[in-house]
There are 2 protein chains.
Amino acid sequence: MRTDSGPRRSAAGRPAGPQPAKRQAILEAAVAVFLREGYNRASVDVIADEARVSKQTVYNHFGDKERLFIAAVEEERERVAAGFAAGSPYVLGPDGAANAEAYDGGDARAALIAFGHRVLAVLLDERASALRRLVIAEVARHPSLRPACAEGEPQQLVKYLAEMLGRRSSRGELSVPDPAAAAHQFVALVVQQGLYQSMYGTRPLADDEAAAIYESAADLLVRAYRP
Amino acid sequence: MRTDSGPRRSAAGRPAGPQPAKRQAILEAAVAVFLREGYNRASVDVIADEARVSKQTVYNHFGDKERLFIAAVEEERERVAAGFAAGSPYVLGPDGAANAEAYDGGDARAALIAFGHRVLAVLLDERASALRRLVIAEVARHPSLRPACAEGEPQQLVKYLAEMLGRRSSRGELSVPDPAAAAHQFVALVVQQGLYQSMYGTRPLADDEAAAIYESAADLLVRAYRP
DNA sequence: CGCAGTGGACTAGCCCGTCCAGTCCATTTA
DNA sequence: TAAATGGACTGGACGGGCTAGTCCACTGCG
């Protein structure tokens with residue numbers, strides 16, 4: 001019976017358990033291969049090669065292809081989510097409020113435009129798009145993926161935008177009866193066409209097209225909610 | 001040298017060429033199996049069985065799995081597109097204009113709501129959704145699918161809506177500076193969340209949720225474009 | 001010494017695409 | 001009318017290729 005509570009180690013040898021470095025290498029290779037090939041065409045041998053690891057090690061760490069897949073998707077999903085928060089300081093600071101007013105300056109239209117620009121950037125990031133396509137392709141046959149996407153990606157952004165609209169509304173700058181709904185609407189307007197194109201892998205939405213989209217979305221909201 | 005222009009026939013035997021009935025049966029089975037299983041997991045043997053046809057016949061008609069797949073997607077795409085037009089008499093009559101004013105009565109809000117309701121119905125049809133998921137999953141590895149979706153599905157609907165907005169605008173009922181853009185915006189508002197849920201295969205958007213979506217979308221446009 | 005990791009062989013299974021002998025049948029020919 | 005004809009279709013077998021997952025003898029290191 002073991003009495004210490006530290007990491008299990010035997011009488012001699014390195015700290016027990018699979019090596020985290022190997023695990024990480026396998027995960028990264030798995031992400032790359034699954035995003036590139038999809039679940040079925042991705043072969044465990046290729047993943048092992050690409051991770052510079054023996055196939056047996058892959059099975060030691062993850063058990064089978066299915067579980068490796070789930071873990072890889074989760075890994076990439078966290079990477080993308082981290083990009084949401086970290087890469088967008090004005091959305092949520094570390095404490096969730098520090099930069100909460102970053103978009104409160106200027107007029108409403110300018111703030112919405114800046115916000116829309118940012119939303120498109122994070123949503124149309126190439127790896128995020130590839131992950132979306134992969135999950136859509138496989139979620140029907142791998143129900144464990146469901147939680148990975150059920151919340152919807154832009155949740156946090158919508159929430160922040162709703163707060164911004166609420167503040168501008170209480171300042172009398174706008175007249176927004178339901179800020180949460182309005183935020184959803186703005187994000188839908190901004191995101192729709194870009195998502196469509198990223199899903200079908202057609203041309204990835206030129207900068208001026210994107211600009212036209214979020215500018216007219218901002219115009220629409222400002223017109224509708226002028227006080 | 002043949003002199004008649006009828007279907008090729010040899011000295012004896014039934015009219016030459018593969019039997020269209022078989023071809024159709026194969027196509028329908030292929031659609032069913034591909035939508036159900038995806039490209040890789042769908043096996044030609046299963047499709048042949050389900051079409052009550054021998055595997056050799058499948059290969060006689062379509063050459064290989066790839067071409068069968070393309071043909072199946074095209075078949076289903078046409079079926080969905082037909083549903084767009086035929087099933088929605090108020091969008092385009094047989095001559096393209098007969099019912100063009102079907103939504104011109106009533107006030108703008110009511111017309112937009114009715115229109116949004118219809119758009120959601122055709123876009124979230126279960127088979128249409130399954131086709132969308134399949135194409136998204138495979139378009140990267142089967143470039144021949146590109147044309148099948150490049151135009152975007154709701155094109156026709158958007159065009160009609162733009163015309164309706166234009167008419168109401170010239171009647172002074174609304175003030176829509178750019179009807180085409182406004183139509184795109186309305187469709188984006190209506191469609192976004194439902195598409196999202198149908199892609200990820202989560203719960204298929206209850207009726208009251210759908211109603212809330214297109215009602216508030218109609219409200220937004222009416223507010224923004226009041227004369 | 002003990003254990004994570006290696007590399008390669010191996011099993012078992014699936015699937016595409018081909019092949020072939022034989023059936024069916026509408027039409028032509030005798 | 002009866003036989004011949006040739007093409008579409010059948011059903012089952014099979015080759016070749018790829019893959020998931022297992023096994024094992026071996027290595028290197030703390």
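Naming convention: chains lettered A, B, ... in sequence-line order (proteins, then strands); numbering from 1 in each chain.
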For [N], take OP1 and OP2 only and decide whether either is under 4.0 Å from a side-chain N or O of [X].
X        : N      : result
Ser54(A) : dT6(C) : yes
Thr57(B) : dA8(D) : no
His61(A) : dG5(C) : yes

Find every protein N or O atom lying less than 3.5 Å from an N or O atom of nucleotides 19-22 of chain D, and list the pairs.
unit_1: dA20(D); atom_1: OP1; unit_2: Ala42(A); atom_2: O; d: 3.3
unit_1: dA20(D); atom_1: OP1; unit_2: Lys65(A); atom_2: NZ; d: 2.7
unit_1: dA20(D); atom_1: OP2; unit_2: Val44(A); atom_2: N; d: 3.1
unit_1: dG21(D); atom_1: OP2; unit_2: Tyr59(A); atom_2: OH; d: 3.4
unit_1: dG21(D); atom_1: OP2; unit_2: Lys65(A); atom_2: N; d: 2.9
unit_1: dG21(D); atom_1: N7; unit_2: Lys55(A); atom_2: NZ; d: 2.8
unit_1: dG21(D); atom_1: O6; unit_2: Lys55(A); atom_2: NZ; d: 2.8

Is the shortest heavy-atom distance from the side chain of [X] to the side chain of [Y] under 4.5 Å?
X         : Y         : result
Met164(B) : Leu161(B) : yes
Tyr214(A) : Leu112(A) : no
Thr202(B) : Val139(A) : no

Using a heavy-atom cut-off of under 4.0 Å over every strand shown, decide if Arg52(B) touches base, sugar-phosphate, or nothing.
->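 Counting heavy atoms under 4.0 Å across all strands, the contact made by Arg52(B) is with sugar-phosphate only.
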
Could you check how far [atom1] of [X] sits from [atom2] of [N], rounded to whole Å?
X        : N       : atom1 : atom2 : answer
Asn60(B) : dT18(C) : CG    : C1'   : 11 Å
Lys22(B) : dG7(D)  : NZ    : P     : 19 Å
Arg23(B) : dA8(D)  : CZ    : P     : 14 Å

Neighbour count above 12 (heavy atom, 6.0 Å) for His61(B) NE2 |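 Correct, the count exceeds 12.
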
Charged N to carboxylate O under 4.0 angstrom, Glu126(B) versus Arg133(B)?
->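 Yes, this pair counts.
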
Return all side-chain donor-acceptor pairs below 3.5 angstrom for residues 28-36 of chain B, not counting sequence neighbours, or 'none' if the list is empty.
unit_1: Glu28(B); atom_1: OE2; unit_2: Gln24(B); atom_2: NE2; d: 3.3
unit_1: Arg36(B); atom_1: NH1; unit_2: Glu50(B); atom_2: OE2; d: 3.0
unit_1: Arg36(B); atom_1: NH2; unit_2: Glu50(B); atom_2: OE1; d: 3.4

